[in-house]
Amino acid sequence: MIISEKLSEHPQWLFAIVLLAITGIGLIGTANHPNMHMTSDELMESKKSARTIVLLEGCIILGCVLLDADMVYVSYMAIAVILCAALLCIAKIFKQEVKE
């Protein structure tokens with residue numbers, strides 16, 4: 001909550017970080033975790049779904065900003081996307097994925 005309050009005071013930083021997170025999720029898509037062990041078709045469908053969802057979330061955040069919603073709520077939504085991208089990058093860095 002402290003991070004959310006600080007980022008809501010500086011919306012330009014929040015939007016820059018969330019744009020970077022959306023780009024990261026858009027490029028990576030998803031990680032094929034060993035416990036899931038998806039086939040290549042399932043992996044491609046999962047990547048497509050992840051990209052569609054992150055685009056939708058980005059549009060919702062942008063819509064809330066344009067509708068002048070409270071920045072604390074916008075920052076909560078943005079932090080959720082940022083956390084998702086961070087966890088996805090951590091999974092890639094630690095190589096927690098199945099290679100074909």
Side-chain angles (χ1 to χ4, degrees):
M1 290 181 56
I2 294 170
I3 293 171
S4 175
E5 290 174 5
K6 294 296 181 191
L7 283 176
S8 65
E9 293 172 3
H10 304 286
Q12 63 274 24
W13 283 102
L14 178 69
F15 298 139
I17 296 170
V18 80
L19 185 63
L20 184 68
I22 288 172
T23 304
I25 294 173
L27 290 175
I28 296 172
T30 188
N32 192 2
H33 194 271
N35 292 341
M36 296 174 68
H37 201 65
M38 294 183 268
T39 64
S40 60
D41 292 336
E42 290 172 334
L43 184 62
M44 292 308 294
E45 187 65 32
S46 179
K47 287 183 184 232
K48 181 180 172 188
S49 296
R51 291 174 179 142
T52 303
I53 289 171
V54 79
L55 182 66
L56 180 64
E57 288 173 348
C59 289
I60 290 171
I61 291 171
L62 180 63
C64 288
V65 169
L66 293 176
L67 292 173
D68 203 28
D70 191 6
M71 275 305 293
V72 174
Y73 299 128
V74 173
S75 68
Y76 287 153
M77 292 185 284
I79 287 174
V81 174
I82 293 166
L83 179 63
C84 228
L87 292 174
L88 186 59
C89 289
I90 289 170
K92 287 287 191 179
I93 290 170
F94 289 141
K95 300 188 187 314
Q96 293 183 338
E97 61 181 333
V98 177
K99 297 290 182 186
E100 291 292 325

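In terms of hydrophobic clustering, with Ile, Leu, Val, Met, Phe, Trp and Tyr side chains grouped at heavy-atom distances under 4.5 Å, I79 and I60 are assigned to a common cluster. The same ILVMFWY cluster, assembled from side-chain heavy atoms under 4.5 Å apart, contains both L56 and V65.
Taken from OG1 in T30 to CD in E42, the straight-line distance is 11.5 Å, to the nearest 0.5 Å. Interatomic distance, CG of D70 versus CG of L67, reported as 13.0 Å (0.5 Å rounding). Here the CD1 atom belonging to I82 is positioned 12.0 Å from the CE atom belonging to M77, to the nearest 0.5 angstrom. Atom CD1 in I3 sits 11.5 Å away from atom CG in L14 (nearest 0.5 Å). Note that the CD atom of E9 and the OG atom of S75 stand 10.0 Å from one another [nearest 0.5 Å]. For the atom pair CG of L88 and CG of L83, the computed distance is 11.0 Å after rounding to the nearest 0.5 Å.
The shortest non-hydrogen separation linking M38 to A31 is CE-O, 4.1 Å. Residues V74 and A69 share a closest heavy-atom pair of CG2-CB, 4.3 Å. Residues A50 and I25 approach most closely at O-CG2, 4.4 Å, considering heavy atoms. Counting all heavy atoms, side chain and backbone alike, I22 lies closest to G58 at CD1-CA, 3.8 Å.
More than 12 non-hydrogen atoms from other residues, nucleotides or ligands lie less than 6.0 angstrom from NE2 of H33. The 12-atom threshold is exceeded at OH of Y76, counting heavy atoms of other residues, nucleotides or ligands nearer than 6.0 Å.
Tested against V81, the residues V54, L19, I53 include a single side-chain contact (heavy atoms from CB on, under 4.5 Å) partner, V54.
A86 pairs by the side-chain contact (heavy atoms from CB on, under 4.5 Å) definition with nothing, not counting sequence neighbours.
The side chain to side chain donor-acceptor pair (under 3.5 Å) contacts involving residues 48-65 comprise nothing, where partners must be two or more places apart or lie in separate chains.
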